[in-house]
Structures are given as C-alpha cells and as structure tokens.
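Structure, as structure tokens:
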Amino acid sequence: MDPRAPKGTMDILPPESARRRRVVEAALSLFGAYGYREIETPIFEHTEVFARGIGEGTDIVQKEMFTFVDKGGRSLTLRPEATAGVARAFVQHRLDTSGLPVKLYYHGPMFRHERPQAGRFRQFSQLGVELMGSASPGSDAEVIALCAEFFAGLGVKVDLVMNSVGDAECRPAYVEALKGYLEQNLDGLCEDCRRRARANPLRVLDCKAPKCSGVVKGAPELGEYLCEACRSHREAVEGLLEAAGVSFRRDGRLVRGLDYYTRTVFEFQDPELGGQNALAAGGRYDHLVEELGGKPTPAVGFSIGLDRVMLAGPETGEEADGGVYVVAIGDEARPKAFALAQKLRKAGIRADLDHMGRSAKAQMREADREGFRLVAIVGEEELEGGFVTLRDLESGSQERVNEDALVEEAAGRLRGAAWGAG
RNA sequence: GUGGGGGUAGCUCAGCCGGCAGAGCACCGGGUUGUGGCCCCGGAGGCCGCGGGUUCGAAUCCCGUCCCUCACCCCA
C-alpha cells in the first residue's frame with residue numbers, strides 16, 4: 001500500500017486548513033453581500049457539457065480532462081471549471097423564468113489532467129460567481145469590483161488586467177487579419193509561435209520570448225477591430241470601474257484559453273508569483289447558455305484560484321486562542337475532569353482534556369501548546385472540596401473556583417480576554 | 001507531452017572521493033508527591049523512494065522506475 005495522495009492532489013492539514021477556511025468564509029460572505037446565492041453542481045458532468053461549452057479545440061478539452069465511461073456506457077468528465085456546469089444547471093432548471101439577473105456563487109474542487117507545478121494541481125479549488133441574464137456593462141463592473149474587493153480584504157496586492165476579445169461580430173475578422181500578418185512574419189517568431197500562428201494565433205500576442213517582441217509590436221491590434229457595440233461596452237465598463245475607484249490596466253494582449261468568452265476578459269495577477277500568476281480570472285460569456293440549449297442569455301463571471309491565493313500570503317487573522325483545558329491529577333480525578341469538560345463544551349466553551357494518561361506537567365504543557373487560555377485543575381484536594389483550581393496561562397495567576405461556578409467564571413474570563421482587557 | 005533540480009528521522013537538511021546512519025527543530029520522559037513557556041539531562045524514532053547491477057562491502061558508483069519540485073505548453 002502506497003499511502004501517497006495521487007499526483008497533483010494534496011491533503012490540507014491543520015493549521016493550513018484553518019487559514020484556508022477563513023479565506024473561503026471571507027469570500028462567501030462577500031459574495032452574499034453582493035446579492036449572490038450559492039449553487040452546487042455535480043463534480044462530474046456529461047462530457048458534452050464541457051466539450052461544447054469550453055470549446056472542442058481548447059487545450060482543456062483536448063488533453064486536460066479526467067474523462068471516464070460509467071457502467072451505463074455514458075461518457076462523464078470531472079469538471080475542469082465551474083461555469084459550464086452552472087450554465088447547464090441554469091438551462092435545466094429554467095432559472096431564467098424567475099426573474100433576471102440570476103446571481104450565483106459556487107466553490108469547490110475542479111480537475112485538470114496537467115503536469116503539476118507551483119500553483120497548479122490536478123485537483124484544485126475555485127471560488128466564483130456568475131451573473132446571468134444581463135448584458136449591461138454594469139454587471140461586468142460589478143463582478144470585477146467584487147473580485148477586487150476580495151483581494152483588498154485579504155491584503156493581497158494584485159494587478160487587474162483587462163481586455164476585450166470582441167464578439168461573433170468582430171472577432172473572426174481580427175483573427176483572420178492576425179493570422180495573415182503572422183504568416184508573413186514567421187521568420188521573426190520563436191519556434192513555438194510559428195506553430196501557434198496557425199493553431200492559436202491570439203496566443204502569439206502573449207509570448208514572452210524576446211525574439212517575438214518585434215513581430216508582436218507590429219501586429220494588428222484587437223482593439224482596432226472591435227465593432228462599435230463592443231467598443232462602447234468596453235468603454236462603459238472601464239468608466240464604471242474608474243468611477244468606483246478600481247484601478248486596472250488595459251492589455252490588448254490578454255487572451256484567455258476558453259472559447260466561450262466574449263467582450264470583457266480580465267485577470268487578477270500577482271506580480272510576485274512565478275509562472276502561475278493568475279489568482280483569479282473571468283469574463284463575459286454571452287453565448288454559452290445558448291450553446292448548452294438555453295435561450296440566448298448574456299452572462300459574466302469570474303473564478304478565483306484558492307490554492308494560488310493561499311500562496312500569495314493572504315492576511316486571515318490569527319486562530320482565536322482561548323478555552324479551558326481540564327487537567328486531572330491522579331486517576332481518581334479523571335471522571336470529574338471528563339464531566340467538567342463536557343459541561344464547558346455544552347456551554348459553547350472550547351474545552352479539552354488528556355486522553356493519554358499523562359502527568360500533570362505534561363497536561364499543562366499540552367494546554368499551553370494547544371493555545372488554551374485557562375486550565376482547570378482537578379486533584380485530590382479539589383475533589384474533596386468541590387472546587388477546581390483555575391489557572392490563567394497568560395498571567396500565571398490561579399485561584400479556587402467552586403465547581404458549580406466553573407462555567408460561568410470561565411466564560412467571564414474568556415470574554416474579558418476577547419476584549420483584550422487581560 | 002518536453003526540459004532542469006531533487007528523494008536520508010514527523011519537518012528542514014548534512015553525509016555522497018565506497019568502510020558502524022547524523023544535526024537542528026518537533027515528539028516522549030525526567031529535573032517539582034499536584035502546575036505550561038525558558039533552561040538542563042535523557043529517550044524514542046530510518047526498507048537512506050523502489051527495483052536491479054558493480055563490489056569483500058553501496059545512503060554514497062551505474063542502469064531502470066516511481067514520486068516530488070521548478071520551468072515550458074496551457075491555465076485558476
């Protein structure tokens with residue numbers, strides 16, 4: 001038996017699990033404050049949902065999906081991202097019939113069969129929102145502002161980069177123009193980009209190889225090709241962000257790898273992270289719902305990569321110390337210690353006690369290590385006298401407290417600690 | 001899928017010109033008949049990733065393999 005977790009997956013242990021939970025809770029409560037409600041969709045879907053939704057030609061669909069056949073012969077796939085599944089649920093449950101827009105958030109694991117590296121795993125965790133049913137620039141601005149606020153709240157410094165990839169009206173013409181330009185300048189491109197020129201011409205714009213910079217500089221710009229509707233949409237979104245004080249950088253070379261994006265695309269990048277610097281990304285997808293069999297429904301959303309955010313060092317605050325550790329001295333005192341711990345727990349106070357048969361000294365050490373504020377000592381004297389010795393680990397002072405008054409006394413002291421009154 | 005680096009105690013790593021498996025931290029116990037942190041003393045803990053080869057002898061050299069890691073591709 002090999003006890004190692006599968007490649008690209010990981011166990012999240014304390015105390016990291018607690019830090020993560022605080023980040024998730026901060027995000028979910030923020031989503032709620034913006035009027036979003038939670039949706040849970042299956043971890044796996046019919047393969048077709050992703051193939052059609054994300055795009056047959058994308059890398060995700062072509063080589064990164066965990067696909068399997070079930071006993072009924074159906075092809076299923078572990079979700080590589082959440083938006084396609086949410087859009088599918090939107091169609092299935094006719095969510096458009098109960099008033100638009102529909103504002104949903106989700107969080108959970110996603111799966112892509114890729115070679116793991118820093119900030120990239122085969123099972124990874126995303127949090128995101130989808131605002132469905134509105135084509136208004138205000139909805140783009142809302143989700144972007146929401147995401148910006150999420151990072152600000154955690155003290156994570158990010159750069160917001162935005163672009164417009166046009167729509168069905170104007171993008172094809174641009175791609176043709178770009179392709180033509182690249183074909184004529186193949187000599188000035190790196191090896192990878194010569195291949196990309198055909199397969200994924202937009203990607204060439206984002207190449208970091210020095211050799212390509214000259215050609216990239218002279219390339220036709222997507223911005224020039226935007227139709228009037230896309231251009232004014234972009235300006236409206238940018239205007240709203242400026243008015244709201246959300247700073248961003250427009251980058252005509254920002255290209256996203258999912259086919260469903262239209263018009264607005266954006267990324268929140270951490271300039272200090274290595275290769276995987278996109279902490280969150282999203283955009284508008286006005287044709288996805290239709291593609292999955294629903295009525296034409298414009299929508300916009302984003303997804304936050306939780307694992308990457310954790311790498312960026314979010315400020316989550318400290319784990320609150322406190323509570324009462326009940327120390328039993330001598331085996332005769334253990335039943336009483338157990339009963340007292342239960343009383344404290346039932347009163348909502350964090351309480352614990354030794355299960356290892358350890359000495360008083362070792363129990364004290366355990367209390368200290370586990371961050372307890374108070375220790376309630378039960379020994380021979382205490383048993384006889386019906387009291388406990390309550391010790392404050394911070395101040396080092398201790399006193400006798402009547403056994404029946406322990407819960408009340410401990411609650412009072414812990415509350416005082418929370419106020420910082422010592 | 002491609003390329004670089006690496007797998008030795010729970011963690012971080014030293015040992016690698018072949019010759020008894022080590023340190024720091026963490027853990028457990030003692031120093032106090034019943035009192036934490038600092039300090040002192042002691043203890044436990046290893047298929048040296050796995051398989052094969054060379055050798056009197058391999059953590060050390062060679063081959064294979066798996067895994068981790070960083071980067072590319074792509075992406076959160």
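Within every chain, numbering begins at 1; the chains are lettered A, B, ... in the order of the sequence lines, protein sequences first and strands thereafter. Side-chain atoms are counted along with the backbone in the values below, which use heavy atoms only and exclude waters and symmetry mates. Fair warning: this is a prediction, and the values are worked out from it, not measured in the lab.
- In this structure, A:F121 reaches the bases: a heavy-atom distance under 4.0 Å links it to at least one base atom across the strands shown.
- Rounded to whole Å, the C1' atom of B:rG34 lies 27 Å from the corresponding atom of B:rA26.
- The C1' atoms of B:rG51 and B:rC67 are separated by 14 Å, rounded to the nearest whole Å.
- Between A:Y325 and A:F372, the ring planes are perpendicular. Angles over 60° get that label, and only those under 30° would be called parallel.
- Put simply, A:Q117 has a side-chain N or O that comes within less than 4.0 Å of OP1 or OP2 on B:rA71.
- OP1 or OP2 of B:rG4 has not a single side-chain nitrogen or oxygen of A:R115 nearer than 4.0 Å.
- The pair A:R249-A:D159 does not count as a salt bridge, with every side-chain nitrogen at least 4.0 angstrom from each carboxylate oxygen.
- The A:A118 side chain lies nearest to B:rC70 when the options are B:rC70, B:rG29, B:rG36.
- B:rC66 and B:rU55 have their C1' atoms separated by 26 Å, given to the nearest Å.
- Separation of the C1' atoms belonging to B:rG18 and B:rG37 is 47 Å when rounded to the nearest angstrom.
- To the nearest 0.5 Å, atom CD of residue A:Q398 and atom CG of residue A:L390 are 9.0 Å apart.
- Residue A:K336 forms a salt bridge (Lys or Arg N to Asp or Glu O under 4.0 Å) with just one option from A:E380, A:E403, A:E382, and that option is A:E403.
- A:K7 has a side-chain polar atom (N or O) that falls below the 4.0 Å cut-off from OP1 or OP2 of B:rC68.
- For the P atom pair drawn from B:rU35 and B:rC25, the interatomic distance equals 25 Å after rounding to whole Å.
- Within the structure, every side-chain polar atom (N or O) of A:R369 is placed at least 4.0 Å from both OP1 and OP2 of B:rG36.
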